[in-house]
Amino acid sequence: MRAPVQIVWFKKDLRTYDHAPLLKAAQAGPVLPLYVIEPKLWMQPDMSGRHFAFLKESLVDLRDDLQGLGVRLVLKVDDIIHVLTDLKSRHAIAALWSHEETGNGWTFARDKRVSAWCRASGVHWHELRQTGVVRRLKGRTGWARQWDTVMGDPIAHRPQNIAAVLEPSDPFPSQHELGLNPDPCPYRQTGGRQAALATLDSFLTRRGRPYQCAMSSPVTAFDACSRLSPHIAFGTLSLREITQATYDRQRHLKTNPLPGDRSWRSAMRSFSGRLHWHCHFMQKLEDEPRLEFENLHQAYDGLRPSVPDETLFQAWKAGETGLPFVDACMRALSATGWMNFRMRAMLVAVSSYHLWLDWREPGLHLARLFTDYEPGIHWPQVQMQSGTTGINTVRIYNPVKQGLDQDPDGVFVRRWVPELADIDAQHIHEPWKADNAGRVLGKRYPFPVVDHLSAAKEAREKVWAIRKGGDFRSTAQNIQEKHGSPKRGIGMRGQRRPSRTRQQDTHAAQSSFLDLLEEKQ
């Protein structure tokens with residue numbers, strides 16, 4: 001008689017700490033830890049070689065951690081249904097364990113197939129929460145309180161006694177074997193839990209002090225921001241671990257104040273708020289998966305050409321728009337796999353408004369470039385910055401003003417756009433105004449592909465014409481009721497504070513996030 005096996009299916013939770021499915025499965029019986037590389041997933045247009053490289057590094061750490069517990073990570077390369085069917089032919093599967101996942105459209109459909117297979121096969125699938133996202137949410141009332149509860153729960157301890165199940169693994173495939181294009185990213189962050197722990201520690205104890213004031217500029221953000229986003233996306237650290245470590249740091253700063261220096265405490269308060277917003281945006285895609293493919297507010301259908309202007313699109317992708325700060329951001333993103341939030345928003349806004357490209361193709365390109373690509377955050381943000389949600393302010397970033405504000409000395413532009421080395425500092429963000437422009441533009445560096453001021457004016461008029469339509473407001477109100485907080489914002493919660501009025505909390509919630517988003521033209 002074969003002993004019943006508990007299969008733990010690792011997905012975007014590549015760790016052994018704070019992993020409730022692993023702990024509960026180990027308590028129930030012999031465990032088979034499983035990771036499945038699904039070739040069809042890696043064929044999707046939002047996946048890339050840098051994602052796969054980060055994944056491989058993270059799986060190495062997970063394999064080593066599991067070996068320390070006396071079990072071996074089983075790697076399979078196939079469709080998950082084929083893998084489960086094959087395992088069931090040789091093992092008595094007692095249950096399938098995993099965390100819930102808010103992924104892209106492909107993984108959503110895949111999970112529905114797994115659910116159907118489990119029902120037909122008599123296998124109970126235990127899906128457990130690992131973030132503040134609520135499956136089958138009825139409404140946003142009380143959502144932030146639920147987030148507090150989940151993040152405040154005790155961290156699931158690492159199981160110590162796991163009964164192992166022997167099962168051979170497949171060879172690890174190459175990117176070429178999966179059909180992934182070459183994806184050089186020389187300054188990409190390293191995957192794996194050890195890198196994640198080091199990144200968390202350096203942010204909370206050394207790098208994070210200027211976070212609140214330094215997050216907006218790419219000159220300072222690469223060091224001052226947490227840089228934890230790819231580790232959150234791949235689950236090498238749990239959001240609960242990060243949240244509780246941040247709260248511990250806040251308590252330490254409160255009891256051990258630094259004389260005359262409040263910047264650390266401000267930084268930790270600001271970062272704590274961003275952890276809420278991580279799940280707030282993921283909840284949108286969880287509730288409405290069509291966000292990945294369709295305009296949230298359908299009044300915008302047909303507003304922009306469905307097929308992008310190839311010349312403009314290629315210039316934007318290559319960092320060759322002739323707008324120096326935009327090009328510097330795109331080139332830095334291509335080489336590092338990361339960009340700070342404000343500049344991500346600017347890249348989307350320039351593609352959507354100045355170049356008048358529909359958000360889908362630019363969104364896919366950015367998804368492939370972001371090592372920390374998280375569909376639940378990415379697609380709501382792409383739509384938000386493209387102005388197609390119907391419930392957010394239309395923010396048309398002025399790319400020249402952004403450069404002057406965020407890179408006033410041109411340090412960032414000169415690093416990533418060396419073609420402008422001969423342009424004086426006064427004109428680095430508007431090289432067409434320099435005396436020697438004729439010796440540089442059109443030769444080493446392109447002229448702007450659009451007049452950014454007139455393009456912004458034309459885009460603003462087109463978007464606001466839609467917003468003035470007869471049924472626009474009623475549809476927008478329905479969207480707000482479904483996707484917005486009842487207080488239209490989520491404050492930094494999770495810690496005891498003096499009571500405040502509802503109005504005060506709402507204002508603080510809005511300010512904490514919108515300070516990062518608002519931009520004067």
Side-chain angles (χ1 to χ4, degrees), residues 12-13 18 20 99-103 108 111 127-155 229 232-233 235 238-244 246-247 250 269-292 296-297 341 374-384 389-393 475-517:
K12 299 179 76 174
D13 50 357
D18 199 30
H99 277 118
E100 293 176 347
E101 178 183 1
T102 302
F108 178 52
D111 283 358
E127 285 188 280
L128 307 182
R129 286 176 66 180
Q130 67 168 332
T131 68
V133 176
V134 182
R135 185 152 291 180
R136 291 176 286 276
L137 183 67
K138 300 299 182 183
R140 282 294 184 123
T141 301
W143 183 90
R145 188 176 299 278
Q146 288 190 56
W147 190 97
D148 288 339
T149 299
V150 172
M151 292 302 115
D153 285 343
I155 289 176
S229 51
I232 297 173
S238 74
L239 196 66
R240 183 185 291 108
E241 288 181 283
I242 296 170
T243 300
Q244 294 191 14
T246 303
Y247 290 163
Q250 288 178 288
R269 281 197 303 271
S270 182
F271 181 64
S272 296
R274 299 312 187 272
L275 295 176
H276 270 89
W277 282 100
H278 165 276
C279 299
H280 169 76
F281 279 100
M282 288 186 67
Q283 187 71 58
K284 294 174 184 287
L285 189 64
E286 175 71 29
D287 293 344
E288 195 143 17
R290 72 179 184 88
L291 262 168
E292 184 181 350
L296 180 58
H297 197 306
F341 180 84
E374 181 67 78
I377 297 175
H378 182 72
W379 293 113
Q381 277 296 323
V382 166
Q383 288 220 37
M384 180 177 173
T389 67
I391 60 174
N392 299 107
T393 301
T475 301
Q477 182 59 39
N478 292 336
I479 293 171
Q480 173 62 34
E481 289 174 359
K482 181 173 183 178
H483 293 288
S485 165
K487 295 192 294 185
R488 302 189 64 203
I490 301 173
M492 196 288 285
R493 302 169 65 91
Q495 302 210 75
R496 299 296 182 187
R497 296 186 301 173
S499 62
R500 307 173 68 179
T501 65
R502 182 182 181 91
Q503 184 176 6
Q504 287 172 322
D505 277 337
T506 302
H507 175 74
Q510 285 291 88
S511 298
S512 68
F513 189 60
L514 295 185
D515 282 348
L516 184 61
L517 297 179

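The residues of the chain are indexed from 1 along the displayed sequence.
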Given 3.5 Å as the limit, does a donor-acceptor pair link the side chain of [X] with the main chain of [Y], or not?
{"X": "Gln244", "Y": "Asp153", "result": "yes"}
{"X": "Arg129", "Y": "Val134", "result": "no"}
{"X": "Gln383", "Y": "Leu291", "result": "yes"}
{"X": "Gln146", "Y": "Gly132", "result": "no"}

Parallel, tilted or perpendicular, as decided by the 30° and 60° cut-offs, for the rings of Trp277 and His280: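 Rings of His280 and Trp277: perpendicular, over 60°.
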What distance do [X] atom [atom1] and [Y] atom [atom2] have between them, rounded to the nearest 0.5 Å?
{"X": "Asp13", "Y": "Thr131", "atom1": "CG", "atom2": "OG1", "answer": "11.0 Å"}
{"X": "Ser238", "Y": "His99", "atom1": "OG", "atom2": "NE2", "answer": "8.0 Å"}
{"X": "Leu137", "Y": "Lys284", "atom1": "CG", "atom2": "NZ", "answer": "11.5 Å"}
{"X": "Asp287", "Y": "Arg135", "atom1": "CG", "atom2": "CZ", "answer": "11.0 Å"}

Could you tell me whether the side chain of [Y] reaches within less than 4.5 Å of the side chain of [X], counting heavy atoms only?
{"X": "Leu239", "Y": "Gln130", "result": "no"}
{"X": "Glu286", "Y": "Glu100", "result": "no"}
{"X": "Glu374", "Y": "Lys12", "result": "yes"}
{"X": "Phe281", "Y": "Met384", "result": "yes"}
{"X": "Leu296", "Y": "Arg290", "result": "yes"}
{"X": "Gln250", "Y": "Thr246", "result": "yes"}
{"X": "Tyr247", "Y": "Leu275", "result": "no"}

Grab the two heavy atoms, one from [X] and one from [Y], that are nearest each other, plus how far apart they are.
{"X": "Pro375", "Y": "Pro380", "value": "O-CD, 3.7 Å"}
{"X": "Trp143", "Y": "His276", "value": "CH2-O, 3.8 Å"}
{"X": "Leu285", "Y": "Gly103", "value": "CD2-O, 3.5 Å"}
{"X": "His297", "Y": "Thr389", "value": "CB-O, 3.6 Å"}

Audit row: Phe271, Ile242, side chain to side chain contact (heavy atoms under 4.5 Å, CB included) steps and yes/no: CA-CA 10 Å; Phe271 181 64; Ile242 296 170; 4.0 Å; yes
